[in-house]
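A short worksheet on the structure shown next.
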Amino acid sequence: MGPTVHRIVFLGPPGVGKGTQAAILAKELGIPHLSTGDLLRAAVATRTPLGLEAKGHMDAGRLVPDDLVLRILRERLAAPDAQAGFLLDGYPRNLAQARQLEAIAPVETVLAFELPARRLIERLSGRRVCPTCQSVYNVASRPPKVPGRCDRDGTELVQRPDDRPEAISTRLSVYAEQTAPLLDHYRRAGRLQPVDATGSPDEVAARVRAAVR
Ligand code: AP5
């Protein structure tokens with residue numbers, strides 16, 4: 001028998017901690033962490049045509065059109081390191097994307113992270129990121145050693161444009177309307193594993209490990 005191929009999706013509302021947990025689990029399983037949000041933000045930062053088209057949607061908290069996201073995802077999934085498995089964070093986000101994914105690379109496990117809305121808002125509004133190395137902090141739960149500066153390279157931390165209050169509220173509505181129906185979709189397919197996202201990152205990581213075992 002060959003090595004286990006893990007094809008995992010992290011599903012859940014904005015700010016639930018998908019990126020934080022995906023980084024931990026991907027490292028433990030030795031598979032790449034593919035975040036469509038990170039791929040899109042890199043395209044925005046390098047001002048590619050796709051990034052320029054995506055930026056307005058992202059800053060406002062709306063989904064980027066399916067064809068643009070699919071283009072960037074296909075390219076990433078074709079890379080050699082994704083052939084032995086991957087952890088997808090932030091894709092799919094609607095039923096059309098779920099069908100597209102099924103056609104390219106069917107996934108076996110979907111972890112659905114759950115957290116009350118007021119906690120999501122706290123986590124999102126407290127998030128700060130390093131524009132140089134992309135490290136993620138939180139003023140309440142994961143503060144940098146020197147306030148406002150990245151621990152790794154000292155760069156001044158910034159707030160993501162879509163972590164402003166108006167964009168947060170749009171993102172939560174978009175999640176409820178377009179992404180939450182995927183919970184039923186994957187539950188009916190027998191692939192959904194709910195994960196309680198309350199508590200510290202270590203506590204959540206232990207639940208994630210138990211769910212993929
Ligand atoms: P994306 O980057 O995917 O954003 P998101 O889904 O809204 O998720 P977030 O990154 O906000 O949160 P997270 O769950 O990863 O939480 P994190 O670990 O950072 O997408 C951004 C945009 O790109 C979309 O709005 C859309 O425009 C576009 N896009 C992306 N994919 C797309 C697609 N497939 N189709 C169309 N458009 C797409 O944690 C949040 C904060 O909480 C951090 O500060 C962290 O330190 C803290 N934290 C984490 N865990 C804990 C804990 N256990 N306790 C306390 N604090 C915690």
Side-chain angles (χ1 to χ4, degrees), residues 9-26 33-45 50-51 53-74 76-77 87-101 111-116 118-130 134-144 151 157-164 166-176 178-180 182 195-208:
V9 163
F10 275 13
L11 192 62
V16 75
K18 301 180 297 296
T20 302
Q21 294 302 323
I24 299 170
L25 185 68
H33 166 199
L34 311 188
S35 155
T36 44
D38 287 348
L39 292 170
L40 288 164
R41 277 185 290 278
V44 170
L50 190 150
E53 203 173 334
K55 184 174 173 21
H57 298 285
M58 295 175 76
D59 288 357
R62 297 186 302 268
L63 293 187
V64 172
D66 290 347
D67 57 326
L68 292 189
V69 187
L70 185 61
R71 214 185 308 156
I72 214 165
L73 180 71
R74 259 188 203 284
R76 185 60 188 88
L77 283 176
L87 198 170
L88 258 185
D89 161 15
Y91 193 98
R93 270 176 137 97
N94 58 30
L95 280 165
Q97 292 185 3
R99 292 193 189 104
Q100 283 162 340
L101 181 62
L111 297 198
F113 291 85
E114 300 172 341
L115 193 69
R118 70 192 155 81
R119 293 254 175 273
L120 297 173
I121 295 167
E122 276 167 18
R123 288 186 186 180
L124 289 169
S125 43
R127 175 164 51 193
R128 299 291 181 273
V129 293
C130 173
Q134 322 309 325
S135 294
V136 177
Y137 297 88
N138 193 286
V139 292
S141 59
R142 189 169 182 258
D151 291 350
L157 301 178
V158 296
Q159 189 166 34
R160 264 172 49 176
D162 60 348
D163 281 343
R164 286 171 293 114
E166 325 78 79
I168 290 179
S169 114
T170 304
R171 288 160 70 201
L172 292 173
S173 311
V174 166
Y175 177 80
Q178 301 190 44
T179 310
L182 291 180
V195 176
D196 172 3
T198 58
S200 70
D202 284 349
E203 287 169 320
V204 182
R207 294 184 203 120
V208 167

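Numbering of residues begins at 1 and proceeds along the displayed sequence. Order of appearance sets the numbers: ligands from 1, and atoms from 1 within every ligand. Keep in mind it's a predicted model, so treat the numbers as computed, not measured. As a basis for the values below, the full set of heavy atoms in this structure was taken, side chains included, without hydrogen atoms, waters or symmetry mates.
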*Nearest non-hydrogen partners of Asp89 and Gly19, listed with the distance*: OD2-CA, 3.4 Å

*asked:* If I take atom CG from residue Leu68 and atom CG from residue Leu40, how far apart are they, to the nearest 0.5 angstrom?
replied: 8.0 Å

_So for Gly15, does at least one of its heavy atoms come nearer than 4.0 angstrom to any atom of ligand 1?_
yes

*For Lys18 and ligand 1, does the shortest N/O to N/O distance drop below 3.5 Å?*
yes

*Heavy-atom donor-acceptor pair, Thr170 side chain to Arg62 backbone, under 3.5 Å*: no

_Under 4.0 Å to a heavy atom of Arg62 - the qualifying atoms of ligand 1, by number_ = 26 (C), 27 (O)

*Hey, does Gly90 come in under 3.5 Å of ligand 1, counting only N/O atoms on both sides?*
yes

*Is it true that a side-chain atom of Arg127 and a backbone atom of Leu124 form a donor plus acceptor pair closer than 3.5 Å?*
no

*Measure the distance from atom 23 (O) of ligand 1 to every protein heavy atom, then report the residue, atom name and distance (to 0.1 Å) of the closest one.*
Met58 CE, 3.4 Å

_Any Arg123 side-chain heavy atom under 4.5 Å of Leu115 side chain_ = yes

_Taking atom 42 (O) of ligand 1 as the reference point, the nearest protein heavy atom with its distance_ = Arg123 CB, 3.3 Å

*For Asn138, the ligand 1 atoms whose distance to one of its heavy atoms is below 4.0 Å*: 41 (C), 42 (O), 43 (C), 44 (O), 46 (O), 47 (C)

*Purely on distance, is any nitrogen or oxygen of Tyr137 under 3.5 Å from one on ligand 1?*
yes

*Backbone, side chain, both or neither: what part of Leu40 comes under 4.0 angstrom of ligand 1, heavy atoms only?*
side chain

*State, to 0.1 Å, how close Gly90 and Thr36 come at their nearest heavy-atom pair, and which atoms those are.*
O-OG1, 3.0 Å

*Hey, are the side chains of Thr198 and Arg207 touching, using non-hydrogen atoms and a 4.5 Å cut-off?*
yes

*Starting from atom 49 (C) of ligand 1, find the nearest protein heavy-atom neighbour and note its residue, name and distance.*
Thr20 OG1, 3.4 Å

*State, yes or no, whether a side-chain contact exists between Leu95 and Arg99 at a heavy-atom distance under 4.5 Å.*
yes

*asked:* I'd like to check which ligand 1 atoms, numbered from 1 as shown, lie under 4.0 Å from a non-hydrogen atom of Ser141.
replied: 55 (C), 56 (N), 57 (C)

*Is it true that Arg171 and Asp163 make a salt bridge, defined as a side-chain N closer than 4.0 Å to a carboxylate O?*
yes

_Return the closest protein heavy atom for atom 4 (O) of ligand 1 as residue, atom name and distance._
Arg160 NH2, 3.3 Å

*State if Pro201 counts as touching ligand 1 under the rule of any non-hydrogen atom under 4.0 Å.*
yes

*With heavy atoms of Arg171 as the reference, note each atom of ligand 1 found under 4.0 Å away.*
4 (O), 5 (P), 7 (O), 9 (P), 11 (O)

*asked:* Counting only heavy atoms closer than 4.0 Å, does ligand 1 sit against the backbone of Val64, its side chain, both, or neither?
replied: both

*For ligand 1, is Ala167 a contact, meaning one of its heavy atoms is under 4.0 Å away?*
no

*Atoms of ligand 1 less than 4.0 Å from Gly19 heavy atoms?*
13 (P), 15 (O), 18 (O)

*Could you tell me which atoms of ligand 1, counted from 1 in the order shown, lie closer than 4.0 angstrom to a heavy atom of Leu124?*
11 (O)

_Strictly distance-based, threshold 3.5 Å: is any side-chain N or O of Gln21 a donor or acceptor partner for the main-chain N or O of Pro201?_
yes

*Does an N or O from Gly199, backbone or side chain, lie closer than 3.5 Å to an N or O of ligand 1?*
yes

_Return the closest protein heavy atom for atom 16 (O) of ligand 1 as residue, atom name and distance._
Gly17 N, 3.2 Å

*Starting at CG of Leu182, measure out to CG of Asn94 and round the result to the nearest 0.5 Å.*
7.0 Å

_Quick check: closest heavy atoms across Arg41 and Arg160, and the distance to 0.1 Å?_
NH1-CZ, 3.2 Å

*If you look at every heavy atom in Gly37 and Met58, which pair is closest and at what distance?*
O-CE, 4.1 Å

*Which ligand 1 atoms are under 4.0 Å away from a heavy-atom of Arg41?*
2 (O), 21 (C)

_atom 35 (N) of ligand 1: nearest protein contact (heavy atom, Å)_ = Gln97 NE2, 2.9 Å

*With a 4.0 Å cut-off on heavy atoms, does Gln21 reach ligand 1?*
no

_Rounded distance (nearest 0.5 Å) linking atom CG of Asp162 with atom NZ of Lys55_ = 9.5 Å

_I need the minimum non-hydrogen distance between Val9 and Pro92, along with the two atoms involved._
CG1-CD, 4.0 Å

*Minimal non-hydrogen separation, Ile121 against Ser125, with atom names*: O-OG, 2.6 Å

*Contact between Arg128 and ligand 1, counting heavy atoms under 4.0 Å?*
no

*Structural part of Val136 in contact with ligand 1, heavy atom criterion under 4.0 angstrom*: side chain

*Near Thr36, which atoms of ligand 1 are under 4.0 Å from a heavy atom of that residue?*
30 (C), 31 (N), 32 (C), 34 (N)

_His33 side chain reached by Phe10 side chain, heavy atoms, under 4.5 Å_ = no

*Note the single closest protein heavy atom to atom 9 (P) of ligand 1, along with its residue, its atom name and the distance in Å.*
Arg127 NH1, 3.4 Å

_Nearest non-hydrogen protein atom, atom 32 (C) of ligand 1_ = Arg93 CD, 3.4 Å

*For ligand 1, the portion of Phe113 having any non-hydrogen atom under 4.0 Å away*: neither

*asked:* For Ser200, which part has a heavy atom under 4.0 Å from ligand 1: side chain, backbone, both, or neither?
replied: backbone

